[in-house]
A.B. asks: 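This is the structure I have questions about; it appears just below.
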Amino acid sequence: MTRAFVFPGQGAQTIGMGRALTEAYPAAQAVFDEVDEALGEKLSDLIWEGDIADLTLTQNAQPALMATSMAAMRALEAEGVAVTNAAFVAGHSLGEYSALAAAGALSIADTARLLRTRGQAMQSAVPVGEGAMAAILGLDLEAVRAVAEEAAQGSVCQAANDNDPTQVVVSGAKEAVERAAEIAKEKGAKRAVMLPVSAPFHCALMQPAADVMAEALAAVEIKAPAVPLIANVRAEAVSDPDLIRQLLVEQITGSVRWRESVLYMAAQGVTETWEIGAGKALSGMIRKIDRAIAGKAVGTPDDVQNMVKSES
């Protein structure tokens, strides 16, 4: 059996995530302590006892989800399951940073600071209310690209997330995205849903954030990951630190090619994915992409124990 560890992106956050892991595993508690120290604030208090609206703010959600993923990873390691038990790591958008931290390419402290910077930069790149995103359900990637091109009308509208065969997300200027939602329904989409996001991620409007991240990433050490990363913008395995740095910058304005990434893993023989951290969204997408891949979620102490038993 060939396995990949996958790491969730924004939208998976919940109040209380990761807390049970810290109660069962000192190594998981140490992750949240390290993130709190790196950020100079008690993000863990917000994660476990705060308001979901505050946790959902991009600048908080991104490091919080990474911390939760890394807490689950450290719990697995405490039970003898290392990242090298997987053939690949991959993450959805911010999850790519979690994947790199899990694979030892980035330190937890650097990853927390990078994600705080990334969240702030993505939020401030476009004034609130001027951008939008919409999930188009029931049309494939090429059809949605055509919809986005028709809707743009001189503005920005792009296919941002190719999540699975039934869902592609468009991102861009608010009026253009609203047009895309209407055009998609005219062209046979089952639904077109405006997403409750605070900025139009993964499109050309994010270029100011990409510039910020280029500078931030230039200042941190990136090591070769212990196992290859399936990069969002390439949908293929990469291990070179300089290339990883470049692709993390490109990722800000580029599409998240999740469907293609899963197909790439399947072509490399992956038959099982472990979703490390909060939620089960990626496992659901993977099931729609390739039903031959078994998706398992690892976000609680019980999940960790079940995974350990499956290894023995």
Side-chain angles (χ1 to χ4, degrees), residues 7-79 91-125 128 196-199 201 209 212-213 215-217 219-222 248 275-281 297-304:
F7 297 83
Q10 216 160 321
Q13 65 274 1
T14 57
I15 295 296
M17 63 183 182
R19 190 164 202 170
L21 288 166
T22 68
E23 292 166 354
Y25 295 97
Q29 178 65 56
V31 169
F32 287 98
D33 292 343
E34 187 172 352
V35 169
D36 286 349
E37 183 176 352
L39 298 179
E41 65 179 75
K42 291 282 284 184
L43 184 64
S44 57
D45 286 350
L46 172 59
I47 297 169
W48 298 331
E49 298 171 351
D51 184 280
I52 188 62
D54 292 333
L55 181 60
T56 298
L57 292 173
T58 303
Q59 66 188 47
N60 293 326
Q62 295 198 17
L65 285 161
M66 181 277 297
T68 304
S69 286
M70 285 307 301
M73 193 70 232
R74 292 288 183 260
L76 284 168
E77 290 167 356
E79 297 287 0
H92 192 283
S93 192
L94 84 90
E96 194 154 275
Y97 286 78
S98 306
L100 288 166
L106 287 168
S107 72
I108 288 175
D110 280 344
T111 308
R113 287 187 288 262
L114 285 169
L115 287 173
R116 169 55 57 83
T117 298
R118 183 178 185 267
Q120 290 171 334
M122 292 173 84
Q123 184 61 65
S124 62
V128 173
V197 294
S198 53
F201 305 132
V212 170
M213 289 311 296
E215 187 174 332
L217 285 158
V220 301
E221 180 185 15
I222 300 180
L248 288 174
E275 185 169 358
I276 312 292
K280 301 177 181 179
V298 188
T300 68
D302 285 346
D303 293 338
V304 171

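Nothing here was measured: the structure is a model prediction, and the numbers come from that model.
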A.B. asks: Measure across V298 and V304 and return the closest heavy-atom pair with its distance rounded to 0.1 Å.
C.D. replies: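 Closest approach of V298 to V304, heavy atoms only: CG1-CG2, 3.9 Å.
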A.B. asks: Yes or no on side-chain contact (heavy atoms from CB on, under 4.5 Å) for M17 and I47, after CA distance, side-chain angles and deciding distance?
C.D. replies: CA-CA 7 Å; M17 63 183 182; I47 297 169; 3.7 Å; yes
A.B. asks: Would you compute the distance between atom CD of Q59 and atom CZ of R116 and round it to the nearest 0.5 angstrom?
C.D. replies: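 If I round to the nearest 0.5 Å, the distance is 5.5 Å.
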A.B. asks: Can you find a heavy atom in the side chain of L106 that is under 4.5 Å from one in the side chain of E221?
C.D. replies: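 No, too far: nothing below the 4.5 Å cut-off.
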A.B. asks: Okay, side chain of Q123, backbone of A121: is any donor-acceptor separation there less than 3.5 Å?
C.D. replies: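 No, the answer is negative, given that no donor and acceptor are paired below the 3.5 Å cut-off.
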A.B. asks: Only counting residues at least two apart or in another chain, list the ones meeting salt bridge (charged side-chain N to carboxylate O under 4.0 Å, His left out) with K280.
C.D. replies: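 With neighbours one apart ignored, the set is empty.
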A.B. asks: Give the C-alpha distance, both sets of side-chain angles, the deciding distance and a yes or no for side-chain contact (heavy atoms from CB on, under 4.5 Å) between T300 and L21.
C.D. replies: CA-CA 6 Å; T300 68; L21 288 166; 5.6 Å; no
A.B. asks: Check for a donor-acceptor pair, side chain of S69 on one end and backbone N or O of I276 on the other, with a separation under 3.5 Å.
C.D. replies: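 Indeed, once roles are kept as given, a pair shorter than 3.5 Å links the two residues.
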A.B. asks: Tell me, which pairs form a side-chain hydrogen bond (donor to acceptor under 3.5 Å, both in side chains) where one or both residues lie in residues 24-34, sequence neighbours left out?
C.D. replies: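 Checked against side-chain hydrogen bond (donor to acceptor under 3.5 Å, both in side chains) - neighbours excluded - the pairs reaching residues 24-34 are Y25-E79, Y25-Q305, Q29-D33.
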A.B. asks: Supply the atom-to-atom distance T14 OG1 to L55 CG, rounded to the nearest 0.5 angstrom.
C.D. replies: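 Rounded to the nearest 0.5 Å, the OG1-CG separation comes out at 7.5 Å.
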A.B. asks: Measuring only between side-chain heavy atoms, which start at C-beta, is H92 closer than 4.5 Å to P8?
C.D. replies: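 A side-chain contact is absent here, since even the closest heavy-atom pair is not under 4.5 Å.
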A.B. asks: For the residue pair G11 and Q13, what are the closest heavy atoms and their distance?
C.D. replies: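 Nearest pair, atom of G11 first, then Q13: N-OE1, 2.8 Å.
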A.B. asks: Can you name the nearest heavy-atom pair linking P301 to A24, along with the distance?
C.D. replies: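 For P301 and A24, the tightest heavy-atom pair comes out as CG-CB, 3.9 Å.
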A.B. asks: What ring pair (Phe, Tyr, Trp, His ring centres under 6.0 Å) pairs are there with at least one residue in residues 27-67, not counting sequence neighbours?
C.D. replies: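 Output for this query lists F32-W48.
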A.B. asks: Got a second to check how far I222's CD1 is from D110's CG, nearest 0.5 Å?
C.D. replies: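 Going from the CD1 atom of I222 to the CG atom of D110 covers 9.0 Å.
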A.B. asks: Please tell me if the side chains of F201 and M122 come closer than 4.5 Å, counting only heavy atoms from C-beta onward.
C.D. replies: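 SC-SC contact between F201 and M122 confirmed.
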A.B. asks: Under 3.5 Å, side chain of R74 to main-chain N/O of A27, donor-acceptor pair present?
C.D. replies: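 Not confirmed, R74 side chain does not pair with A27 backbone.
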A.B. asks: Could you go through the side chain to side chain donor-acceptor pair (under 3.5 Å) check for R118 and Q62 one step at a time?
C.D. replies: CA-CA 8 Å; R118 183 178 185 267; Q62 295 198 17; 2.8 Å; yes
A.B. asks: With sequence neighbours left out, write down each residue that passes ring pair (Phe, Tyr, Trp, His ring centres under 6.0 Å) with Y97, or none if nothing qualifies.
C.D. replies: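 For Y97 there are no ring pair (Phe, Tyr, Trp, His ring centres under 6.0 Å) partners, ignoring immediate neighbours.
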A.B. asks: Strictly distance-based, threshold 3.5 Å: is any side-chain N or O of D36 a donor or acceptor partner for the main-chain N or O of S44?
C.D. replies: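 Indeed, once roles are kept as given, a pair shorter than 3.5 Å links the two residues.
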A.B. asks: Give a yes or no on this: more than 12 heavy atoms of other residues, nucleotides or ligands lie within 6.0 Å of atom CD of E41.
C.D. replies: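 Yes, because the 6.0 Å sphere around CD of E41 holds more than 12 heavy atoms from other groups.
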A.B. asks: Are the side chain of N60 and the backbone of D54 linked by a donor-acceptor contact shorter than 3.5 Å?
C.D. replies: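 Yes; judged by distance alone, with no hydrogens or angles, the pair exists.
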A.B. asks: Checking L114 against M213 for the side-chain contact (heavy atoms from CB on, under 4.5 Å) test, could you report, in this order, the C-alpha distance in whole Å, the side-chain angles of both residues, the deciding distance, and whether it holds?
C.D. replies: CA-CA 8 Å; L114 285 169; M213 289 311 296; 4.1 Å; yes
A.B. asks: Give the minimum heavy-atom separation between A297 and G279, together with the two atoms involved.
C.D. replies: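 Closest heavy-atom pair between A297 and G279: CB-O, 4.1 Å.
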A.B. asks: Do E49 and R19 meet the salt-bridge criterion of a basic N to acidic O distance under 4.0 Å?
C.D. replies: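 Salt bridge present between R19 and E49.
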A.B. asks: Is any side-chain heavy atom of M66 closer than 4.5 Å to one of V35?
C.D. replies: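 Contact flag for V35/M66 side chains = yes.
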A.B. asks: Go through the structure and list residues passing salt bridge (charged side-chain N to carboxylate O under 4.0 Å, His left out) with D303, not counting sequence neighbours.
C.D. replies: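 With neighbours one apart ignored, the set is empty.
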A.B. asks: Is the shortest side-chain heavy-atom distance between S198 and V128 below 4.5 Å?
C.D. replies: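 S198 does not reach V128 side chain to side chain.
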A.B. asks: Do you know the tightest heavy-atom contact between I108 and M70?
C.D. replies: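 Of all heavy-atom pairs spanning I108 and M70, the closest is CD1-CE, 4.0 Å.
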A.B. asks: Going by ring pair (Phe, Tyr, Trp, His ring centres under 6.0 Å), name the pairs with one or both residues in residues 103-122, residues two or more places apart or in two chains.
C.D. replies: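 Applying ring pair (Phe, Tyr, Trp, His ring centres under 6.0 Å) to every pair that reaches into residues 103-122, excluding sequence neighbours, yields nothing.
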A.B. asks: Does a donor on one side chain sit under 3.5 Å from an acceptor on the other, for T58 and Q10?
C.D. replies: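 Looking only at side-chain atoms, Q10 and T58 do form a donor-acceptor pair, the distance falling under 3.5 Å.
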A.B. asks: Can you find a pair of side-chain heavy atoms, one from L100 and one from T111, that are under 4.5 Å apart?
C.D. replies: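 The answer is no; the side chains never approach within 4.5 Å.
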A.B. asks: For a 4.5 angstrom cut-off between non-hydrogen side-chain atoms, does L65 reach S98?
C.D. replies: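 A side-chain contact under 4.5 Å is absent here.
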